[in-house]
Amino acid sequence: MADIRDAMMERLLDDAGIREGMRVLDVGCAFGALTFLVAKRVGRTGHVVGLDRDPQLLSLARTKAREQGLSNVTFIEADLANVPAEQGLFDAATGRRVLMYQPDAVAALRGIARAVKPGGLIVFQENDASIGPVSLPPLPLHIRVSEWIWHTVDREGADLHMGFHLAPAMEQAGLSVEHVRAEASLQTPKEHHAMGPILRAMLPRIVRYGIATEEEMGIDTIDARLLEERSKANTTYLGEMVFGAWARKP
């Protein structure tokens with residue numbers, strides 16, 4: 001699933017104007033997936049600072065950066081709403097599936113904006129559960145997998161409708177929204193995005209909240225079973241909508 005969302009993010013970064021030479025703050029960076037996309041875009045004359053509160057994820061991100069030979073990235077442990085002043089101001093800030101987990105997305109955006117130069121960009125991508133899963137005919141296993149994921153995210157207190165709330169939150173934070181879009185996360189009988197790795201990464205959380213057991217999910221065979229279900233129905237499956245937006249700090 002990361003491939004299609006990375007492609008969506010690449011288009012968003014392109015259209016927003018994240019370019020070579022920029023100094024960018026990537027908030028809620030986790031193990032650095034988006035950080036590395038941005039780092040390759042800003043090039044050797046630019047720099048990306050990945051920020052997260054989880055030291056274990058940051059350690060993994062630093063290891064991945066070394067493995068990829070990226071020298072234009074730095075990772076720091078901090079809260080995204082309180083970026084350390086010593087980091088200075090950035091040309092832009094980015095984030096993916098971050099605001100949905102914030103108790104107050106508007107306050108978080110205001111904190112992020114304080115770290116961005118006047119006229120600088122703030123670019124976010126957020127998933128939304130308002131539309132989907134949808135297919136003709138319905139696909140029971142696909143629906144079940146979607147429920148495992150979204151019910152877990154809901155139990156964690158996330159905003160399941162952050163995509164629809166994204167542009168209004170930016171406006172309320174005092175930013176000038178330049179563009180907002182939504183793209184469907186689709187799978188066809190011939191185009192498949194692996195769900196097994198996502199479920200495996202979420203497994204402790206899914207089990208902890210009593211959403212499903214490891215045996216019930218059958219992660220080792222889930223992708224084969226999903227593909228078989230979709231192929232037998234010969235249909236296209238819309239899993240969810242992915243919203244992207246960019247805004248400028250006045």
Side-chain angles (χ1 to χ4, degrees), residues 5 8-19 22-30 33-35 37-38 41 48-54 76-132 149-185 240-250:
R5 291 177 187 158
M8 292 178 184
M9 194 73 210
E10 291 274 17
R11 290 193 292 271
L12 186 65
L13 295 172
D14 275 340
D15 295 343
I18 301 299
R19 61 186 184 276
M22 277 186 164
R23 187 167 183 266
V24 180
L25 174 69
D26 182 37
V27 299
C29 67
L34 177 55
T35 313
L37 288 181
V38 177
R41 183 170 301 273
V48 187
V49 175
L51 178 151
D52 203 279
R53 291 179 294 186
D54 190 324
I76 63 171
E77 183 180 347
D79 186 273
L80 63 85
N82 295 286
V83 182
E86 60 266 24
Q87 291 297 322
L89 295 179
F90 294 83
D91 299 306
T94 60
R96 176 164 62 175
R97 297 191 297 276
V98 172
L99 295 176
M100 64 188 296
Y101 285 102
Q102 304 309 308
D104 187 335
V106 174
L109 282 165
R110 286 175 179 151
I112 294 164
R114 285 194 290 270
V116 176
K117 298 175 181 177
L121 284 164
I122 296 178
V123 186
F124 271 87
Q125 185 187 77
E126 295 287 336
N127 289 20
D128 194 292
S130 303
I131 301 173
I149 293 171
W150 282 109
H151 288 177
T152 301
V153 172
D154 185 38
R155 291 289 297 275
E156 292 172 332
D159 181 356
L160 305 190
H161 312 293
M162 191 63 230
F164 277 103
H165 296 158
L166 179 54
M170 286 178 156
E171 294 283 2
Q172 290 174 45
L175 304 173
S176 177
V177 175
E178 295 193 343
H179 186 75
V180 59
R181 65 174 56 147
E183 299 181 76
S185 174
E240 62 197 3
M241 299 301 294
V242 181
F243 284 69
W246 68 85
R248 288 194 184 271
K249 177 178 176 179

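In what follows, every heavy atom counts, from backbone to side chain, and hydrogens, waters and symmetry copies are set aside. Please read all numbers here as calculations on a predicted model, not as lab measurements.
- Using modelled atom types, one side-chain atom of D91 and one backbone atom of R23 make a donor-acceptor pair closer than 3.5 Å.
- Listed by chain and residue number, R53 satisfy the salt bridge (charged side-chain N to carboxylate O under 4.0 Å, His left out) test with D79 (two or more places apart in sequence, or in another chain).
- Across all their heavy atoms, P250 and L175 have their closest contact at CD-CA, 4.4 Å.
- D15 and H179 share no donor-acceptor pair across their side chains, judged by distance under 3.5 Å alone.
- A108 and A81 make their closest contact through CA-CB, 4.2 Å (heavy atoms, listed as atom of the first residue, atom of the second, distance).
- Between Q102 and D159 there is no side-chain heavy-atom pair separated by less than 4.5 Å.
- How far CG of L51 is from SG of C29: 6.5 Å, rounded to the nearest 0.5 Å.
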side-chain contact (heavy atoms from CB on, under 4.5 Å), that's the test. Do T94 and L34 meet it? Break it down for me. CA-CA 8 Å; T94 60; L34 177 55; 4.0 Å; yes

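- Here the straight-line distance linking atom CG of L166 with atom CG of D128 works out to 9.5 Å at 0.5 Å rounding.
- For the atom pair CE (M22) and CG (L121), the distance works out to 5.5 Å, reported to the nearest 0.5 Å.
- Under 4.0 Å is where a charged nitrogen must lie from a carboxylate oxygen, and between D14 and R41 at least one such pair does.
- Considering all non-hydrogen atoms of both residues, M100 and V153 come closest at CE-CG1, 3.8 Å.
- Under the 3.5 Å distance criterion, the side-chain polar atoms of K249 are matched with a main-chain donor or acceptor of V116.
- Counting only heavy atoms from C-beta outward, the side chains of E77 and D52 never approach each other to under 4.5 Å.
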Would R96 and E126 count as a salt bridge (Lys or Arg N to Asp or Glu O under 4.0 Å) here? Give the steps. CA-CA 6 Å; R96 176 164 62 175; E126 295 287 336; over 6 Å; no

Take N127 and M162, measure what side-chain contact (heavy atoms from CB on, under 4.5 Å) needs, and give me the verdict at the end. CA-CA 7 Å; N127 289 20; M162 191 63 230; over 6 Å; no

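- With D26 as the partner, the side chain to side chain contact (heavy atoms under 4.5 Å, CB included) test is satisfied by one option alone out of V123, V48, V49, V38: V48.
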Apply the test side-chain contact (heavy atoms from CB on, under 4.5 Å) to residues E10 and L37: give CA-CA distance (whole Å), side-chain angles for both, the deciding distance (0.1 Å), then the verdict. CA-CA 8 Å; E10 291 274 17; L37 288 181; 3.3 Å; yes

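- Looking at R110, its side chain does come within 3.5 Å of a backbone N or O of Q172 through a donor-acceptor pair.
- Nearest heavy atoms, V98 versus G28: CG2-O, 3.8 Å.
- One finds the CG atom of L99 at 4.5 Å from the CZ atom of F124 (value rounded to the nearest 0.5 Å).
- Pairing each heavy atom of D104 with each of A107, the nearest pair is OD1-N, 3.0 Å.
- Side-chain atoms of E171 never come within 3.5 Å of backbone atoms of A167 as a donor-acceptor pair (strictly under, hydrogens ignored).
- Applying the salt bridge (charged side-chain N to carboxylate O under 4.0 Å, His left out) criterion to E178, with sequence neighbours excluded, gives R248.
- Taken to the nearest 0.5 Å, the OG atom of S176 stands 12.5 Å off from the CH2 atom of W246.
- With a 4.5 Å cut-off on side-chain heavy atoms, M170 and L109 count as touching.
- Across all their heavy atoms, M9 and G95 have their closest contact at CE-O, 4.4 Å.
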Please lay out, stage by stage, how H151 and E156 fare under the test side-chain contact (heavy atoms from CB on, under 4.5 Å). CA-CA 9 Å; H151 288 177; E156 292 172 332; over 6 Å; no

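- E183 contributes atom CD, which lies 8.0 Å from atom CE of M241 (distance to the nearest 0.5 angstrom).
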